[in-house]
Number of protein chains: 4
Amino acid sequence: MGSVKTKRMPRAVRERQMLDAAVQTFGQRGYAAASMDEIAELAGVSKPLVYLYLNSKDELFTACIRREAAALTDAVRAGVRPGLGADRQLWEGLRAFFTHTAQNPDGWSILHLQARTHGETFAAEVSAMRKEIVALVTRLIAVAARDGGSPCSNEGGEPGDHPGSDLPEREAAGLAEALVGAAESLAAWANATPGVSARQAATTLMNFAWAGLGDLMEGRSWSPPEPDRP
Amino acid sequence: MGSVKTKRMPRAVRERQMLDAAVQTFGQRGYAAASMDEIAELAGVSKPLVYLYLNSKDELFTACIRREAAALTDAVRAGVRPGLGADRQLWEGLRAFFTHTAQNPDGWSILHLQARTHGETFAAEVSAMRKEIVALVTRLIAVAARDGGSPCSNEGGEPGDHPGSDLPEREAAGLAEALVGAAESLAAWANATPGVSARQAATTLMNFAWAGLGDLMEGRSWSPPEPDRP
Amino acid sequence: MGSVKTKRMPRAVRERQMLDAAVQTFGQRGYAAASMDEIAELAGVSKPLVYLYLNSKDELFTACIRREAAALTDAVRAGVRPGLGADRQLWEGLRAFFTHTAQNPDGWSILHLQARTHGETFAAEVSAMRKEIVALVTRLIAVAARDGGSPCSNEGGEPGDHPGSDLPEREAAGLAEALVGAAESLAAWANATPGVSARQAATTLMNFAWAGLGDLMEGRSWSPPEPDRP
Amino acid sequence: MGSVKTKRMPRAVRERQMLDAAVQTFGQRGYAAASMDEIAELAGVSKPLVYLYLNSKDELFTACIRREAAALTDAVRAGVRPGLGADRQLWEGLRAFFTHTAQNPDGWSILHLQARTHGETFAAEVSAMRKEIVALVTRLIAVAARDGGSPCSNEGGEPGDHPGSDLPEREAAGLAEALVGAAESLAAWANATPGVSARQAATTLMNFAWAGLGDLMEGRSWSPPEPDRP
DNA sequence: AATGAATGAGTCTTCATTCAT
DNA sequence: GATGAATGAAGACTCATTCAT
């Protein structure tokens, strides 16, 4: 059904078809609710062939996760070119992220939702990728903080203008985590809200985040009220 | 096993035991992987009784979602008391959120992960709650924008200082979405990182978000570079 | 089919029915060729019930082996009453053995054939039983050897007549092994040859074995020709 | 893997390789548990080739049985040379038997265990071979009985010494059956017990059997006690 | 109010077997 | 002479769900 039932194709091609079908099915139904029968039919293949090539439901799912994770990180990394200023890098990275997730909703569902809900093994697989991205963002934030790059400016900012407040390690990690979380959430929102483009989602997030980061680095920070009983 | 097998308890009590067991099981295993057998055993009841009271797996899951959603929104709303300044309201809301999710990891897992991965019906249930919270946050943002509340200040800010730039409807929604997403992400991070308290998570998020919102309302916004080909 | 489909029976009864059906099916088809479907149907039960009570094909098979092994050893031991002379004991044991195997061909098939051909685990289960019987026979032989019981006589033999040649340990074990093997083989033969009763099979084996043992103990033994090069 | 993958070999050779692989696999795993995949891989051939040469799993198994049965009977017959005395013939036959089974454990497993547990068709195949051997032994016993060969003597015995009690047909058959069964059992025992050679196994059995036969032929026979009610 | 007994339907997985080249 | 590609059929096992008591 999923594709014209052409027989006798080289293994590599068939394997790709199967992964495509699997990503779609897992992404829409979830790991447990997806049946191997359904995947096989969608791939235009008999079930035994799926097993011959991919061994088990577990391995098939893992293969999906790996493929989609690689595709996503590749896309993001392709955006973040080291030559640019920190804000520009972040902007491009976000844009790549929103574009990719918008174009691969099933893959994104696998990474963002499905893999996290079905056993530590799968979750760990995604965790690795997420950590990589969080680290990348953390680095960008740290660079911005060091350069003191007035992040409100569009340009990279003349380095050395302000010394930049060295953000504590964990603080930066927390910020990166928040930013990535915000991005993940916006991705879903953008996909679900008609008329919101990847560009717009990225802009919203940049506005939200970069200004806050700027203030932070310049020492203007929000501090909580006295802990309950003064 | 789950509890001492006391016979003949009033229905309300039994029902609570079942929901407790169900939340725990669904939260940890996921909807599909959780078995009615396991839930019944954990509740210390026979399976037919679970069906007698809650009719089906679907309804049981829905009941869990509703209960946990109500508990979470109640907790958050209890924090956000209308009398305070917008920033203080946001701060208290976030603190309540992080505290509640830290204390109810299984319930949070159901709302954040499980319900979203198993069919539109369940997702819609959570969506309703989420929208409520996003609306609440959107309102806070709008208020701050109108009041022009320099959100950097700890206090509500003297209203009327600046007129406040009316944020476009969708922009506000996007920001709220981002903020909620960031909060969700930080909740997981705080739960998983030893030594990060609900207070700290809330502070991090306030720092991240409030300044950005402030800049935004004062017209200082980040704008994207020329769309590739001018 | 196997029995009138009466519903709602106490667990113990149903379990017996299942074991009966399993012994019959495993005994006739072999472990691998027997299907759980077939067993369930023969037992007049649905497959899930078989799994509920007996957990898995492996455990079901093991349960069959244990039950049949116990039944066989019980039968043999009931025959071999310690009060009698060694030859009489052997005779009664053999008769019990041939009688039991003739009446329980499926059980005997499981012990003698099926269990030995499907994995060490099952084989070990039977091995234990077989060792027990071989030990019992070995003991009888040793007693006869000590008493010097002229085994040709019908009576227990006046003990002390001849001192009896202490057979070497391994020699006795080999003899016992041979005797048990001969018995096993004769059991099949008796079952397959119409008109051969358990009594006759036992008599044939006693004639075959007892005299040889007697000669052996009295020192008259057959010795092999010169090893190859005369 | 099973052998260096040399291409384009004459059919006879390939067929032998396949049978070798099949005997090994069937012997160790049993008919049902052995997979054609495994056999093909072990033979270093693709599966279709196995089918091209041997048609089906059934036929392949049958071919194994036939080959191994022929090898075993050939070996035994080569030992039993008609010129010798009956006891010597038996001795040589047994020695050949134990030697061959020790050297071809997989083939022996097929004949002794596997073929008997998987359907009448296969069992019949082995049965034929077994009958041949039992007949051979029966003949030896009959000859010994006629010659009155005091079977305790090492030599053929002077014919005509005692007239020899004509053993009833069935009696002889039963004895032969017992002897063959004992041999089969001892073969397994010898294979499993380190330090027991084919020679020793044969000696043990000769001691066990020949003396008994001797007594029998000289009229000294064991007779059962009165049938229950004296 | 509560449960032991029971099952229909479906899922993952494997295997003997065949084409097309 | 030989194989990579492919499948129909079947089997072990599980689960949500219901009776009869």
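Numbered from 1 within each chain, the chains take letters A, B, ... in sequence-line order.
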Exercise for review: Look at the rings of D:Tyr31 and D:His118 and say which category their plane angle falls in: under 30° parallel, 30 to 60° tilted, over 60° perpendicular.
Suggested key: tilted
Point to revise | Shortest non-hydrogen contact between A:Thr25 and A:Ala34, atoms and distance | key: CG2-CB, 3.7 Å
Review point. How far apart are the closest heavy atoms of C:Tyr51 and C:Ser56, and which atoms are they?
Key: CE2-CA, 4.0 Å
Point to revise | Duplex segments of DNA chain E, taken as runs of at least three Watson-Crick or G-U pairs that stay under 3.5 Å | key: E:2-21 with F:2-21
Using whole Å, report how far [atom1] of [X] lies from [atom2] of [N].
X       : N      : atom1 : atom2 : value
D:Glu41 : F:dT3  : CD    : P     : 13 Å
A:Arg29 : E:dT11 : CZ    : P     : 11 Å
C:Leu54 : F:dA12 : CG    : C1'   : 15 Å

Point to revise | Check: D:Pro105 main-chain N/O paired with D:Ser109 side-chain donor or acceptor under 3.5 Å | key: no
Check your understanding: With sugar-phosphate meaning primed atoms plus P, OP1 and OP2, does C:Arg11 contact a base, only sugar-phosphate, or nothing at under 4.0 Å between heavy atoms?
Key -> sugar-phosphate
Exercise for review: Compare side-chain N and O positions of D:Arg14 against OP1 and OP2 of F:dA2 and report whether any pair is under 4.0 Å apart.
Suggested key: yes
Exercise for review: State, yes or no, whether a side-chain contact exists between C:Glu38 and C:Arg29 at a heavy-atom distance under 4.5 Å.
Suggested key: yes
Review point. Going by heavy atoms in the side chains, are C:Arg16 and C:Met9 under 4.5 Å from each other?
Key: no
**Study point:** side-chain contact (heavy atoms from CB on, under 4.5 Å), paired with B:Leu60, selected from B:Ile65, B:Ile39, B:Asn55
**Key:** B:Ile39
**Study point:** Sequence-aligned protein contact record of nucleotides 15-21 of chain E, with B where the base is within under 4.0 Å of a protein heavy atom and S where only the sugar-phosphate is
**Key:** BSBBBS-
Exercise for review: Would you verify whether the NZ or CZ of A:Arg116 falls within 45 degrees of the ring axis of A:Phe122 while also being under 6.0 Å from that six-membered ring's centre?
Suggested key: no
**Study point:** Earlier contact from the 5' end, DNA chain F, for A:Leu52 and D:Leu49
**Key:** D:Leu49
